[in-house]
Amino acid sequence: MNPAQPFTHKAHDQDSRMLRNQETVSGIYAAVAAGDITAALGAMSERIEWVVTDGLPYGGTYRGRTEVLTNVFARFETEWDGLEVVPEELLAVRDAVVALGRYRGRHRGTGTLMTARFAHVWRFAEDTAPTAFETIADTHTMVAAMR
């Protein structure tokens, strides 16, 4: 908000929405860290569109909670030991939250420990649940750990 402009309810409503969106995303990461994938998925829209960076074996676009569970979270569980998704910074901008952070884990097939940077973009089109997610990740480091 420009300090030279008078305060409006619209600006306050947008600030409140951005804070609520940021809290929702923070709660999703907390649920994932606690191993409560059901709660994490439950905080997302039933119609979530989830985009995983091309270059990863499970790269692609998944639609709906079931596809995200099957193609993302289940694979994390079967392919990685102790995989952590650690957001280091959350930035709320309009109807989006950007998370900057790191993945950490040991690949089960190779035993290689991996730490890779990520940027996650969460988009909100509904009042409280993210409707879209995209990960931009250091695929080189992740794939190297898998080989």
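Using a 4.5 Å cut-off between side-chain heavy atoms of Ile, Leu, Val, Met, Phe, Trp and Tyr, with links allowed through other members, Val32 and Val121 fall into different hydrophobic clusters. Under the 4.5 Å side-chain heavy-atom criterion for ILVMFWY residues, no single connected hydrophobic cluster contains both Met44 and Met18. Two different hydrophobic clusters hold Ile136 and Leu56 under the rule that ILVMFWY side chains link at heavy-atom gaps under 4.5 Å. Hydrophobic clustering (ILVMFWY, side-chain heavy atoms < 4.5 Å, transitive): Leu83 and Leu69 are in one cluster.
Applying the side-chain contact (heavy atoms from CB on, under 4.5 Å) rule to Thr61 yields the partners Glu49, Val51, Arg63; only residues at least two apart in sequence or on another chain are considered. Judged as a side chain to side chain donor-acceptor pair (under 3.5 Å), and not counting sequence neighbours, the contacts of Trp80 are Tyr58.
The backbone N or O of Gly111 sits less than 3.5 Å from a side-chain atom of Arg106, completing a donor-acceptor pair. Of the possible donor and acceptor atoms, none in the side chain of Glu88 sits under 3.5 Å from a partner among the backbone N and O of Arg102.
Residues Phe124 and Val97 have side chains in contact (heavy-atom distance under 4.5 Å, counting atoms from C-beta outward). Side chains of Val86 and Tyr29 form no contact here, defined as non-hydrogen atoms less than 4.5 Å apart.
When all heavy atoms of Pro130 and Thr24 are compared, the closest pair comes out as CD-CG2, 4.0 Å. Summarising the geometry of Ala145 relative to Thr112, their closest heavy-atom pair is O-CB, 3.5 Å, with the distance given to 0.1 Å. Shown here for Ile48 and Ala132, the closest heavy-atom pair between the two residues is CD1-N, 3.7 Å. Nearest heavy-atom pair across Ser45 and Ala129 is N-CB, 3.5 Å. The shortest non-hydrogen separation linking Leu90 to Pro87 is CD2-CB, 4.3 Å. Smallest separation of non-hydrogen atoms from Ala31 and Ala40: CB-N, 3.7 Å.
Here Trp122 contributes atom CH2 and Ile28 contributes atom CD1; the two are 4.0 Å apart, rounded to the nearest 0.5 Å. Considering OG1 of Thr115 and CE of Met142, their distance stands at 10.5 Å, rounded to 0.5 Å. Atom CG of Leu100 sits about 8.0 Å away from atom CZ of Phe118, to the nearest 0.5 Å. Rounding to the nearest 0.5 Å gives a distance of 7.0 Å between CE of Met146 and CE of Met114. From Asn21, atom CG reaches atom OG of Ser26 across 12.5 Å, with rounding to the nearest 0.5 Å. Note that NE2 of His107 and CG of Asp81 are 9.5 Å apart. Values are rounded to the nearest 0.5 Å.
Using a 4.0 Å cut-off between charged side-chain N and carboxylate O, Arg17 and Asp95 make a salt bridge.
A centroid separation of less than 6.0 Å is found between the aromatic rings of Phe133 and Trp50.
Listed by first and then second residue, the side chain to side chain donor-acceptor pair (under 3.5 Å) pairs involving residues 64-77 are Arg75-Glu79 (not counting sequence neighbours).
Taking a 6.0 Å sphere around CZ of Arg94, one finds it holds 12 or fewer heavy atoms contributed by other residues, nucleotides or ligands.
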### Query
Can Asp138 and Arg117 be said to form a salt bridge (charged side-chain N to carboxylate O under 4.0 Å, His left out), step by step?
CA-CA 6 Å; Asp138 177 359; Arg117 299 274 303 145; over 6 Å; no
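The only member of Val98, Thr135, Val25 that meets side-chain contact (heavy atoms from CB on, under 4.5 Å) when paired with His120 is Thr135.
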